Protein chains: 2
Amino acid sequence: MDMGNRKRLILQAIIEDYINSAEPVGSRTISKKYLTGTSPATIRNEMSDLEDMGYIEQPHTSAGRIPSDKGYRLYVDKIMKQDKINEAQREMIKREFVESLGEIDRLIKHASKLLSQLTQYTSIVMAPQFRRTSIKQVQLLRIDRAVVLAVIVTNAGIIKNSVLRLKQDIQPDALIRITSMINDKMAGLDVEEIEKFDFQDMLNNSLGHSEIIEQVVPELIQTLFYSDTSEVYHDGVSNILNLPEYSDINKARDFLNIMEERELLFKVLNDVREDVSVSIGKENKLEQFKECSLITATYKINNKVIGSVGIIGPTRMEYSKAISVVECMTNNLSEILTSILKR
Amino acid sequence: MDMGNRKRLILQAIIEDYINSAEPVGSRTISKKYLTGTSPATIRNEMSDLEDMGYIEQPHTSAGRIPSDKGYRLYVDKIMKQDKINEAQREMIKREFVESLGEIDRLIKHASKLLSQLTQYTSIVMAPQFRRTSIKQVQLLRIDRAVVLAVIVTNAGIIKNSVLRLKQDIQPDALIRITSMINDKMAGLDVEEIEKFDFQDMLNNSLGHSEIIEQVVPELIQTLFYSDTSEVYHDGVSNILNLPEYSDINKARDFLNIMEERELLFKVLNDVREDVSVSIGKENKLEQFKECSLITATYKINNKVIGSVGIIGPTRMEYSKAISVVECMTNNLSEILTSILKR
DNA sequence: ATTAGCACTCAATACAGTAGAGTGCTAACA
DNA sequence: TGTTAGCACTCTACTGTATTGAGTGCTAAT
């Protein structure tokens, strides 16, 4: 069966009406609101075809039609017009960001809040990922007799630090030697290399500091990776309770449960590779997202992908708006992060 | 009217049955399950008295009775027996904590998760508060030409740090001089003093570094306070959707909204002064908590109150269990934090 | 002081009937 | 051959009514 232009218009009408109303769309509605020149009967015939082709489905006889995942997919890829985001919102993202200078962490949280406010869905955002870069430099700073602050600077300019509390005192000169030892061995390593980093070698040339090295190095590595996975933020979870699909308390609870699993959210965002990607319903790998759509985009520092953000909503999502918001957001994020780190 | 022992037993029966069932409790139920020797009619008379005294109320004629806030209050203060937490759970808190060494931050998040898991309510936890201590020492570390890491050590041993990105380069020797200047002026100050700290004086003796000082000091102060208020964690929000009182989607949404307002949660926890405190229903200052109960407790480092944790649940909360979990948790937290910082 | 008995109240449930939205099919029409 | 009007049919959602059952308050007996 071939996909005439009228079928396409009808599919579009069904999807856009359903996005707004969350109610099955009938032939009369389409005839009255969208294709005024065409009678309901004709539209019914076309709808029957569209159903055979798998683009729409019927919840039950005598109900209207709702789009299927396949229908949304076609809509996103071929039918919808891009860029529904208005100038005011675009401006808002820009302005809000200029105001929210300060530390990267704050910027990221703010981005999350803004995303959920603008889309009225739930947003997830990951902080710039150390894992995506390599170590440029490590500094160890003596805070107290047995307390050391480790500062790691990555080649993207991200700074991570962690407090290390040692079992024994450490002398300033010992710390200096250890620091340069660590820098010798570890600077320039990327994530895979660090993960399988063997510091036996270091212990052998430890000049008597082996005990301290044994404490410092694993702790250093562990804290780095931990801090990465833990830095996932979300916002606007309460928004989804406005949607009729979540008026079933069980679905709402399932959703909330997912949003409390940071590890899971991290995994989702960490898998993102494309610039902007849309996963509709069952296209999602995660069982828990089979009834959601997920729009993700990556952001960059110095043109190197370093993190990603996402919007989670129902499959009847305002795709064009959500996509352009996410896109606009990551562009701004990339720009600001790059400029912050250049300063 | 006087509060005989039987009235007390009946009130206890009503409260404990209602805590479990969330259904109004009738005289027959009490007669059968709690006071087997007494007839429903007698219990009805007593209940009528209890209602007059304001300890219980009736949702409508021909329904059973439910406890009022005042009833819960009496129950918590006078009737309930302490310490329902079992040894296994007590052990769990202890064991889990020993395993979760590592950084304070992680410990705090873990505490939050544990609290909500053990109680099946929602937990909120604040990280150790810088505001509750004073500055012991400030160190500025040069990361890059115009990037400085500020490390503040408080007299409780908490370490906070923030990355400062300056408009111009800074030389190592200038940094050293500025550092000692800042330490001279700011070390020993507590929160009120820092909040109204006037660095005009410093600018006058700036030895030509005034521009840098103008950037560094306000940023330092701001970041410190910001990092404090932002470090509030919560967990188990989805638990409340298991409760029948939140089967109304609107209530659930209101609750979620509150839990996304970190500032608000911070304020709640920051107001806590007592060791363990229970606020029941309308006793809460916050409008949004008028239908909840809030159990909070403080934790200490070196016997100085430095933060607090809380459990939020419905007014028909398992008070005795929640109280003992919270108590046990803060005790462990205090102990571990103190020992970590002593190491 | 306690209890049995009884009339009364009210929410929740079940049920039947109705309205309305929507479809599929057929036949007529351009 | 594509389009449309008409019609019978289906299914849900809603509405009004009756019924049930839990629970109370009151009264009178113990």
Side-chain angles (χ1 to χ4, degrees), chain A residues 1-11 13-15 17-18 20-68 71 244-245 247-248, chain B residues 1-11 13-15 17-18 20-68 71 244-245 247-248:
Chain A
M1 205 175 310
D2 112 300
M3 183 79 177
N5 190 47
R6 190 167 59 191
K7 279 195 180 53
R8 177 165 284 135
L9 285 173
I10 290 173
L11 181 57
I14 292 173
I15 290 178
D17 201 80
Y18 187 69
N20 286 317
S21 68
E23 298 288 330
V25 188
S27 54
R28 261 173 60 86
T29 314
I30 295 178
S31 169
K32 274 199 289 191
K33 286 190 8 192
Y34 300 92
L35 297 174
T36 29
T38 318
S39 82
T42 312
I43 292 171
R44 276 205 286 284
N45 289 329
E46 299 281 38
M47 281 165 89
S48 186
D49 292 348
L50 282 170
E51 184 163 2
D52 289 343
M53 294 157 86
Y55 293 117
I56 56 180
E57 34 196 57
Q58 224 176 346
H60 57 86
T61 1
S62 94
R65 305 303 214 289
I66 62 175
S68 67
E245 26 273 273
S247 60
D248 176 3
Chain B
M1 205 176 306
D2 116 295
M3 183 79 176
N5 190 47
R6 191 167 59 191
K7 278 196 180 52
R8 176 165 287 133
L9 285 173
I10 290 173
L11 181 58
I14 292 173
I15 290 178
D17 201 80
Y18 187 68
N20 286 318
S21 69
E23 298 288 330
V25 187
S27 53
R28 260 173 60 87
T29 314
I30 295 179
S31 168
K32 272 200 291 192
K33 285 189 11 191
Y34 300 91
L35 298 174
T36 27
T38 318
S39 83
T42 311
I43 292 171
R44 276 205 287 284
N45 290 330
E46 299 280 38
M47 282 164 90
S48 185
D49 293 346
L50 283 169
E51 185 164 3
D52 290 341
M53 293 157 86
Y55 293 118
I56 56 180
E57 34 197 57
Q58 225 176 344
H60 56 86
T61 3
S62 95
R65 305 302 213 291
I66 62 176
S68 67
E245 26 275 271
S247 60
D248 176 3

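Every chain is numbered from 1, with letters handed out A, B, ... down the list of sequences. These numbers were taken from a predicted model, which means no experiment stands behind them.
Remark: P of D/dT24 and CZ of B/Arg28 are 11 Å apart, rounded to the nearest angstrom. Rounded to whole Å, atom P of C/dA11 lies 14 Å from atom CD of B/Glu23. Summarising the geometry, the separation between CG on B/Asp52 and P on D/dT24 is reported as 14 Å, rounded to the nearest angstrom. With rounding to whole Å, A/Arg65 atom CZ is found 13 Å from C/dA21 atom C1'. One interatomic measurement links the two molecules: CD of A/Glu51 to P of C/dG22, which rounds to 15 Å at whole-angstrom precision. As a whole-Å value, the separation of B/Glu46 CD from D/dC26 P is 16 Å. Distance, B/Asp49 CG to C/dA1 P: 12 Å, rounded to whole Å. A straight line from CG of A/Asn45 to P of D/dT1 spans 15 Å, rounded to a whole angstrom.
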| remark: In B/S/- notation (B base, S sugar-phosphate only, - none; protein heavy atoms under 4.0 Å), nucleotides 8-14 of chain D written 5' to 3' is --BBS--
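Partners of B/Glu23 under the side-chain hydrogen bond (donor to acceptor under 3.5 Å, both in side chains) rule, at least two apart in sequence or in another chain, do not exist in this structure. Applying the side-chain hydrogen bond (donor to acceptor under 3.5 Å, both in side chains) test to A/Lys33 and every residue at least two apart in sequence or in another chain returns A/Asp17. Among residues two or more places apart in sequence or in another chain, the side chain to side chain contact (heavy atoms under 4.5 Å, CB included) test is passed with B/Arg6 by B/Ile10, B/Leu35, B/Thr38, B/Thr42, B/Glu46. The side chain to side chain contact (heavy atoms under 4.5 Å, CB included) search around A/Asp248 returns A/Asn250, A/Lys251, not counting sequence neighbours. Residues meeting the side-chain hydrogen bond (donor to acceptor under 3.5 Å, both in side chains) test with B/Arg8, sequence neighbours left out: none.
Distances shown here put every side-chain N or O of B/Arg44 at or beyond 4.0 Å from the OP1 or OP2 atom of C/dA1. Remark: B/Arg6 is not in phosphate contact with C/dA1, judged by side-chain N or O atoms under 4.0 Å from OP1 or OP2.
Proximity of residues 29-42 of chain B to DNA chain C (heavy atom under 4.0 angstrom from any strand atom) is restricted to B/Gly37, B/Thr38, B/Ser39, B/Ala41, B/Thr42.
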| query | Can you list the steps and then say if A/Arg28 with A/Ile43 is a side chain to side chain contact (heavy atoms under 4.5 Å, CB included)? | reply | CA-CA 8 Å; A/Arg28 261 173 60 86; A/Ile43 292 171; over 6 Å; no
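Rounded to the nearest 0.5 angstrom, B/Asp49 CG and B/Leu11 CG are separated by 12.5 Å.
Among the candidates A/Arg44, A/Arg65, A/Lys32, the single residue satisfying the side chain to side chain donor-acceptor pair (under 3.5 Å) test with A/Ser27 is A/Arg44.
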Which donor-acceptor pairs under 3.5 Å do the side chains of residues 54-61 of chain A make with protein atoms, sequence neighbours left out?
unit_1, atom_1, unit_2, atom_2, d
A/Gln58, NE2, A/Ala63, O, 3.2

